[in-house]
Structures are given as structure tokens and as C-alpha cells.
Amino acid sequence: MEKKKVFILGSTGSIGVSTLDVIRLHKDSFEVEGLTANRNIELLFKQIREFNPKYVVVKDENLANSFKDNLPNGTIFLSGENGLIKATREAEYDILLSALVGFAGLQPTIEGIKKGKRIALANKETLVVAGEIITQLVKQYNAELIPVDSEHSAIFQCLTGEKNNEIEKLILTASGGPFFSKSKEELKHVTIAQALKHPNWEMGNKVTIDSATMMNKGLEMIEAHWLFNLPASKIEVIIHPQSIVHSMIEFIDGSIKAQLSKPDMRLPIQYALTYPNRMPNSFTNTKLTEIESLTFHKPDFAKFECLQLAFDVLETGGTAPAILNAANEIAVDMFLKGKVSFVEIPEMIKNALNHVENKSKPDLETIIEYDSLTRKYFKV
Ligand code: NDP
């Protein structure tokens, strides 16, 4: 069997590194066509030496100059935002693993869709800000959108052999993050270090903070809406602190199907690469008898306001999800820099939603414009 070529957007991130782990394990099935980083050129360089990609992109233009002279002969090197777009447009690959963080992932992912390729999608922000456009483009260009997010991978797997019109609801599980048992009052005093300490998953900083505010589950709810073509009223979020049940589908006859495994992103990444096939691996090894209990709780929407805000913007539609996403990216960044407190994150998002006007039926240019308008509103 010919090896599948994988282009990894964001190879130096948490998902990117896990993807390279999966490829390392299945060297006979996959090879690397492209790798990209923003600033972590030290790790990128190690990855280039090991995986010998044809395309390399460094987003940060200042670092790019010092980097390009040291590349192996024959490597095609590009830089900046345009470099990411050009590389994903020109490179020859079978699978685009989309794992940049934030809005930055949108345009390079669209390039992969326009080539009619398989998109293994970790960058949920792409569907949050432009879900309608993305799903239309996927149909138009006959591309494939396979979720990498563990919850959506679980639902995708549970859907095999089932009919969409027989779904009663999707049940998205959430760990509840590090502050599940804290009161609203206690949230006022949490520190950056506490917020970065996720109980079950090791992830990049942005998604870790999103998990602590539960915005992550809100973004995932919007992602699920577009991936599985179901209204928000048919998507329920429940807290499951052990992160063993990755999500579920309840069908109209009352039957519930779930996908279980110990939390390790390499499993849904591997599935997105190998689908519709499965491959053995050395990392998944889930021992159910060692798990004491699986518990489920209702989320507290009043405490985790970001979750409610995500449901609200999906209902509003138009540019509201893009405004929410941009405001959240800025608020999380400011929290990580110690400029705002944890409870100011939802306040900043509400503020942006109240002040940046919503525009209905936006095209791609309008979404890009509204992302910038929101950033300008915060003067960044
Ligand atoms: P990381 O922050 O760990 O990695 C992000 C990657 O994107 C890095 O390679 C980084 O480069 C690069 N990058 C960062 N900013 C930019 C930019 N502005 N332009 C171009 N490249 C950039 O993120 P994660 O791997 O944790 O998450 C990636 C995506 O996957 C997110 O959308 C997240 O929500 C989603 N996801 C993540 C999960 C996880 O377990 N981590 C689980 C499910 C979904 P550099 O290293 O040089 O900074």
C-alpha cells in the first residue's frame, strides 16, 4: 500500500507532536509532506531532521530569516501567514492535519478543502467562526472533514451504521476542568497556574484555559452543530470528570452509544488518519477494571458563563460566533499575561458582543473583517 502523505499545520503544538508520534509508530503507512511552527523553531528543526518534510513554514517572519539557511537541500521554505496559505495550496498531500490554534487556522484549512483532501480537523475555531461556509466548501470540493477533537471523534465513531434522523441528541462530555468544584466567588481569585493545570489532558495553553472557563465545550458544541448538522437544542453538555467516555449519542429509541478510552489524543488523531480502518497501537491500553467509577453531572451555566455565551451566539448566528471567538482569544491571551482576571474573560466577550455589530449571512471576507474589528475593539 502506498504511504499517505500528511501535511501538519502546527506540528510543534500539542496536537502536532502527538500526530508525529502516531506517524512514527506507523512509518509504513504515513509520511510527512509539510510541517509548520509559529516560533518554536528549535523543535521544528528537530522534527525536520527526523521526518524530512518537503515543505516547511515558519509563521513568525523575524525568526524565519535566521532559520532558512540551515535547512536540508530541496526543502521548500515559506514564511508568514501567506506562506501557510501558499504551502497548503501547493503541496501534494493526502491528509491535512489542521492543528494551528485559533483563527489563524481558518485560511490554510480552506486551502486543503479546496484541494478536495481529507481534513483531519483539530482546529475547532475554523468551524466556530465559519461553519456554514466550511461545510458548503467541503461539499463543493468533495473534501472529507474528519474530527480530531476526542468528543467529535467519539460521536463520529458512534454514528457508523446509524441514521442522522434517528438521533435524539448528542451528549458532549466535559471534564469540568480544574474549577469544576469551585464556587463562583472562588473563581474570582484563581491564578494562571491553577487554570493551566488541567486534571486529565495535557494541551496547549489556549485550549487549557478554554477548558477551565468551559468555553472549550461551548466551541465544541458549535463544532458539533456544523459537523453533524444538528441544532443546539439536540446537543447536551454533561460533566464527566474522568474523561473516559468521550461523548455519546442517544437515539430515538432511547438507546445510548458511547466511545470509551483513557484520555490520549493520539487515539482520535490516529483514527482521523486511518479512517475507515483501524490500526493497533501501543498507547491506548484502557483498563476498565482499574477505573473506579464513571460519574456524570449537569453543568452550571451560571458559573461557567462562557458555555452559555457559546449557545447564545450559535442562536444569533451571523458574525456573532466570529466575534465571540476573537474576543475569547484576546481575553485568554490577556489572562495568560496577567492583565485580566479569570472572571473578566466572559465579561470581555459580552462586551465585544454588545459593541461589535452583528452582520447576518457573512461571506468569508466579512468573517475575516469582523475578526479584525473585534481585535481592534480591544486595541490589539
Ligand atoms: P498549541 O498551542 O500546543 O499548538 C499550536 C500550534 O500552532 C503550534 O505549532 C504553534 O507554533 C502554532 N501557532 C500558534 N499560533 C500561531 C499563529 N498565529 N499562526 C500560525 N501558527 C501558530 O495548541 P494545541 O495543539 O493544544 O491545539 C491546536 C488546536 O487543536 C486548537 O484549535 C485546539 O482547540 C485543538 N484541540 C487541541 C487538543 C489538545 O489536546 N491539545 C484537543 C482537541 C482539540 P509554536 O509552537 O511555534 O508556537
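This structure is a prediction, so every number in the text was calculated from the model and none was measured.
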Expected output: side-chain Asn328 to main-chain Leu324 donor-acceptor under 3.5 Å:
no
Any donor-acceptor pair under 3.5 Å from Arg118 side chain to Ala272 backbone:
yes
Taking the side chain as C-beta and beyond, is there a heavy-atom pair between Thr19 and Val148 under 4.5 Å?
no
Under a 3.5 Å cutoff, is there a donor and acceptor pairing between the side chains of Asn65 and Glu61?
no
Validation row: Leu35, Leu20 side chains within 4.5 angstrom (heavy atoms)
yes
Counting N and O atoms only, with roles assigned by atom type, does the side chain of Asp94 sit under 3.5 Å from a partner on the main chain of Lys5, one being a donor and the other an acceptor?
yes
Considering only NZ, NE, NH1 and NH2 on the basic side and carboxylate oxygens on the acidic side, decide whether Lys54 and Glu92 come within less than 4.0 Å.
no
Approximate separation, where rounding is to 0.5 Å, of Ile209 CD1 and Leu196 CG:
4.0 Å
Within the 4.5 Å heavy-atom criterion, are Thr36 and Lys59 side-chain neighbours or not?
no
Close side-chain approach of Asn281 and Leu267, heavy atoms under 4.5 Å
yes
Quick one: ring-ring contact (aromatic ring centres under 6.0 Å, His included) pairs with a partner in residues 80-103, sequence neighbours left out?
Phe7-Tyr93
Within one Ile-Leu-Val-Met-Phe-Trp-Tyr cluster: Phe296 and Ile256, side-chain cutoff 4.5 Å:
yes
Tell me yes or no: between the side chains of Asp363 and Thr366, is some donor less than 3.5 Å from an acceptor?
yes
State, to 0.1 Å, how close Val245 and Ala258 come at their nearest heavy-atom pair, and which atoms those are.
CG1-CB, 3.9 Å
Heavy-atom neighbours of Lys46 NZ exceed 12 at 6.0 Å:
no
Lys86 NZ: over 12 foreign heavy atoms closer than 6.0 Å
no
Could you tell me whether a side-chain N or O of Asn358 sits under 3.5 Å from a main-chain N or O of Ala320, the two making a donor and an acceptor?
yes
Verify salt bridge (Lys or Arg N to Asp or Glu O under 4.0 Å) between Asp264 and Lys262, making sure each step is shown before the conclusion.
CA-CA 6 Å; Asp264 189 322; Lys262 72 176 191 194; 5.5 Å; no
Under the salt bridge (Lys or Arg N to Asp or Glu O under 4.0 Å) criterion, do Glu220 and Lys217 qualify, and how do the steps go?
CA-CA 5 Å; Glu220 287 180 4; Lys217 213 46 56 179; 2.6 Å; yes
Test side chain to side chain donor-acceptor pair (under 3.5 Å) applied to Thr295 and Gln242, step by step:
CA-CA 7 Å; Thr295 56; Gln242 298 81 15; 2.9 Å; yes
Between Leu294 and Leu260, is any pair of side-chain heavy atoms under 4.5 Å apart?
yes
For the side chain of Ser66 and the backbone of Asn62, is there at least one donor-acceptor N/O pair under 3.5 Å apart?
no
Counting heavy atoms not belonging to Glu162, are there more than 12 under 6.0 Å from its CD?
yes
In Å and rounded to the nearest 0.5 Å, what is the NZ to CG distance from Lys124 to Leu219?
6.5 Å
Flag yes if more than 12 heavy atoms outside Asn165 fall under 6.0 Å of its CG atom; otherwise flag no.
yes
Let's go through Tyr377 and Ile323 carefully: what are the C-alpha distance in whole Å and the side-chain angles of both, what is the deciding distance for side-chain contact (heavy atoms from CB on, under 4.5 Å) to 0.1 Å, and is it a yes or a no?
CA-CA 10 Å; Tyr377 173 70; Ile323 297 169; over 6 Å; no
Any chance NZ of Lys4 has more than 12 other-residue heavy atoms, nucleotides or ligands included, within less than 6.0 Å?
no
Pairwise distance NE2(His26) to OG1(Thr274) - rounded to 0.5 angstrom
7.5 Å
Donor-acceptor check, side chain of Glu344 to backbone of Ser341, threshold 3.5 angstrom: yes or no?
yes
With sequence neighbours excluded, what pairs up with Phe342 under the ring pair (Phe, Tyr, Trp, His ring centres under 6.0 Å) test?
Phe179, Phe335
Stepwise side-chain contact (heavy atoms from CB on, under 4.5 Å) check, Ser243 with Trp201
CA-CA 9 Å; Ser243 299; Trp201 297 97; 3.6 Å; yes
Rounded to the nearest 0.5 angstrom, the CD1-CG distance for Ile119 and Leu9 is 8.5 Å
Hey, is NZ on Lys359 packed in by over 12 heavy atoms from elsewhere, all under 6.0 Å?
no
Quick one: CG on Asp312 to SG on Cys306, what's the gap to the nearest 0.5 Å?
11.0 Å
Sorted by chain and residue number, the ring pair (Phe, Tyr, Trp, His ring centres under 6.0 Å) partners of Phe301 (sequence neighbours excluded) come out as Phe311
Within a strict 4.5 Å, meaning less than it, do heavy atoms of the Met248 and His240 side chains meet?
no
Give every residue pair that meets the ring-ring contact (aromatic ring centres under 6.0 Å, His included) criterion with at least one member in residues 119-175, sequence neighbours excluded.
Phe156-Tyr275
Which pairs of donor and acceptor atoms, one on a side chain in residues 226-236, lie under 3.5 Å apart (sequence neighbours left out)?
unit_1 : atom_1 : unit_2 : atom_2 : d
Lys234 : NZ     : Ile167 : O      : 3.2
Glu236 : OE1    : Lys169 : NZ     : 2.7

Hey, are Thr12 and Asn40 close enough side-chain-wise for a donor-acceptor pair under 3.5 Å?
no
For Glu151 and Thr173, test the side chains for any donor-to-acceptor distance below 3.5 angstrom and give the result as yes or no.
no
Starting from the C-alpha separation in whole Å, work towards a yes-or-no answer on side chain to side chain donor-acceptor pair (under 3.5 Å) for Asn205 and Thr208.
CA-CA 5 Å; Asn205 283 356; Thr208 305; 5.3 Å; no
On a heavy-atom basis, the closest approach of Pro346 and Glu305 is CB-CB, 3.9 Å
Qualifying residues under salt bridge (charged side-chain N to carboxylate O under 4.0 Å, His left out), relative to Glu185, sequence neighbours excluded:
Lys188
Nearest non-hydrogen partners of Ser150 and His246, listed with the distance:
O-CB, 3.8 Å
Nearest heavy atoms of Ala37 and Leu44, plus distance in Å
CB-CD2, 3.9 Å
Would you say Val22 and Phe283 make side-chain contact, with heavy atoms under 4.5 Å?
yes
Going from OG1 on Thr109 to CD1 on Ile134, what distance comes out if it is rounded to the nearest 0.5 angstrom?
7.0 Å
Count the heavy atoms belonging to other residues, nucleotides or ligands that lie under 6.0 Å from CD of Glu81, then report whether that count exceeds 12.
no
Measure across Cys158 and Lys257 and return the closest heavy-atom pair with its distance rounded to 0.1 Å.
O-NZ, 2.9 Å
Atom of Arg375, atom of Glu329 and distance for their closest heavy-atom approach
NH2-OE1, 3.0 Å
Is there a side-chain contact between Ile15 and Met265, using heavy atoms and a 4.5 Å cut-off?
yes
Are there more than 12 heavy atoms of other residues, nucleotides or ligands under 6.0 Å from atom CZ of Arg24?
yes
Between Asn351 and Glu347, does a side chain to side chain donor-acceptor pair (under 3.5 Å) hold up when you go through it step by step?
CA-CA 6 Å; Asn351 208 336; Glu347 293 309 316; over 6 Å; no
